[in-house]
S.K.: 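Quick one: the structure is below, questions incoming.
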Amino acid sequence: MKLLLLCLLIHVPSLLASEAWDSFKKTYNKSYATAREENFRKQVFLERLKLIEEQNRKFEQGLSSFSMAINHFADLTKGELTKPSGIHASEIVEKNPSSRTSRSEDVPDSIDWRDYGVITPIADQMFCESCWAFAVVGTVEAHMGIYHQQNVSLSQQNLVDCVDLNFTCGQSLDRGMVEKTYQYIIDNNGIDTVQSYPYESYTVGTCRFSSDNVGATIAGYVNITEGDEDELKTVVGTIGPVTVVITTDYMWTSYRDGVYYNEDCMNTSEIFNHVVVIVGYGNENGEDYWLVKNSWGTWFGQEGYIKMARNRDNNCGIASIARYPIM
Ligand SMILES: *[C@@H]1O[C@H](CO)[C@@H](O)[C@H](O)[C@H]1NC(C)=O
Ligand SMILES: *[C@@H]1O[C@H](CO)[C@@H](O)[C@H](O)[C@H]1NC(C)=O
Ligand SMILES: *[C@@H]1O[C@H](CO)[C@@H](O)[C@H](O)[C@H]1NC(C)=O
Ligand SMILES: *[C@@H]1O[C@H](CO)[C@@H](O)[C@H](O)[C@H]1NC(C)=O
Ligand SMILES: *[C@@H]1O[C@H](CO)[C@@H](O)[C@H](O)[C@H]1NC(C)=O
């Protein structure tokens with residue numbers, strides 16, 4: 001039905017475009033302060049619809065490995081979706097000597113940590129640039145499952161409030177935020193549970209951590225060698241999920257299915273703007289992929305997940321800044 005609508009759109013634009021817009025607003029509870037803003041958002045949405053339609057035609061013809069769909073971001077502009085962060089992969093240091101490696105024959109060809117019951121449900125960071133907090137929490141939760149057989153939900157707000165007292169939800173991703181966050185959990189002797197310290201999606205400016213409510217502690221963390229997808233595979237396949245800093249672009253945000261590969265999504269000197277968790281890897285229809293858990297709710301991608309290209313020159317910088325906890 002959706003596909004039909006998209007095809008027809010080319011022939012009878014005005015009527016169906018309005019229908020598609022109305023349906024989008026209804027599905028995602030969108031409302032706009034002024035008619036002028038609504039008109040602007042509608043134009044943004046229709047542009048995006050066109051892009052999606054073009055991409056899906058390429059996908060149907062086998063010219064591209066992924067398809068796209070409308071989601072709750074469809075009324076945001078390219079600029080709004082790809083806010084720069086100031087993190088540059090090339091500035092990130094070399095391999096950490098303590099990084100654990102396994103023999104290659106122990107590394108499985110594919111893994112999905114969801115099959116082991118250690119991946120907590122998809123969360124939604126909402127109106128805060130707190131992806132780093134969600135990604136670290138998601139990673140530590142998974143390692144709690146693997147190494148302590150505990151299903152805990154940890155507090156993103158604890159991190160938002162306490163890792164950097166100057167952090168504000170509207171600011172771009174800070175260089176080194178993932179390391180700072182792991183270091184905070186180490187130095188702080190733990191992170192609270194989400195039940196005791198729920199997510200608020202804005203900054204209160206006060207750290208309300210309580211040692212009575214600690215849900216997890218970590219002994220340390222490890223940096224994977226910059227850009228080393230083999231080492232990343234070894235770690236994900238034999239140790240567990242990994243937090244990664246990546247570039248998300250305009251196309252990425254509308255991903256629906258398949259293996260996301262975009263030659264314009266650079267790995268170096270590109271401005272990284274998002275943090276996610278790799279929870280597995282594999283091969284689909286001849287395309288190697290990383291299985292990535294996002295924090296934009298289940299509306300995004302495949303119930304909140306995206307498969308991103310693996311072994312394609314570190315596309316989107318997926319292996320550039322990769323860190324995982326030692327439990
Ligand atoms: C929209 O609002 C309805 C009713 O409040 C709610 O059930 C639904 O989950 C909301 N949808 C989204 C995408 O937030
Ligand atoms: C990981 O890399 C960052 C960035 O270069 C560095 O500041 C940090 O000390 C490293 N951490 C470890 C545990 O090696
Ligand atoms: C962990 O707990 C959450 C919240 O109670 C639940 O939704 C989820 O299914 C549980 N996960 C596992 C693997 O048991
Ligand atoms: C917060 O910002 C102020 C003023 O810019 C600065 O003096 C202070 O050191 C910062 N604090 C932290 C924890 O970064
Ligand atoms: C980045 O991608 C280029 C190809 O676009 C590749 O040659 C290079 O090895 C990659 N660098 C890193 C650090 O992954």
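Atoms within each ligand, like the ligands themselves, are counted from 1 in listed order.
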S.K.: Taking only residues two or more places apart in sequence, or in another chain, which ones meet Asp192 in a side chain to side chain contact (heavy atoms under 4.5 Å, CB included)?
M.R.: Ser155, Asn158, Ser196, Tyr197, Phe209, Ser210, Asn213, Val214
S.K.: Are the side chain of His72 and the backbone N or O of Trp296 linked by a donor-acceptor pair below 3.5 Å?
M.R.: yes
S.K.: Would you say the side-chain atoms of His143 pair up with the backbone N or O of Pro241, donor to acceptor, closer than 3.5 Å?
M.R.: yes
S.K.: For ligand 5, note which part of Asp313 has a heavy atom under 4.0 Å away: side chain, backbone, both or neither.
M.R.: both
S.K.: Please could you name the atoms of ligand 5 that Asn314 approaches to less than 4.0 Å, counting only its heavy atoms?
M.R.: 12 (C), 14 (O)
S.K.: On a heavy-atom basis, I'd like to know which of Lys180, Arg323, Glu179 is closest to atom 7 (O) of ligand 2.
M.R.: Glu179
S.K.: Would you say that more than 12 heavy atoms from the other residues, nucleotides or ligands in this model lie under 6.0 Å from the CD of Glu263, or not?
M.R.: no
S.K.: For atom 1 (C) of ligand 2, which of Asn223, Ile321, Ile224, Ile326 has the closest heavy atom?
M.R.: Asn223
S.K.: If we ignore angles and hydrogens, is there a donor and acceptor under 3.5 Å between the side chains of Glu303 and Thr298?
M.R.: no
S.K.: Ignoring angles and geometry beyond distance, decide whether Asn267 reaches within less than 3.5 Å of ligand 5 through its nitrogen or oxygen atoms.
M.R.: yes
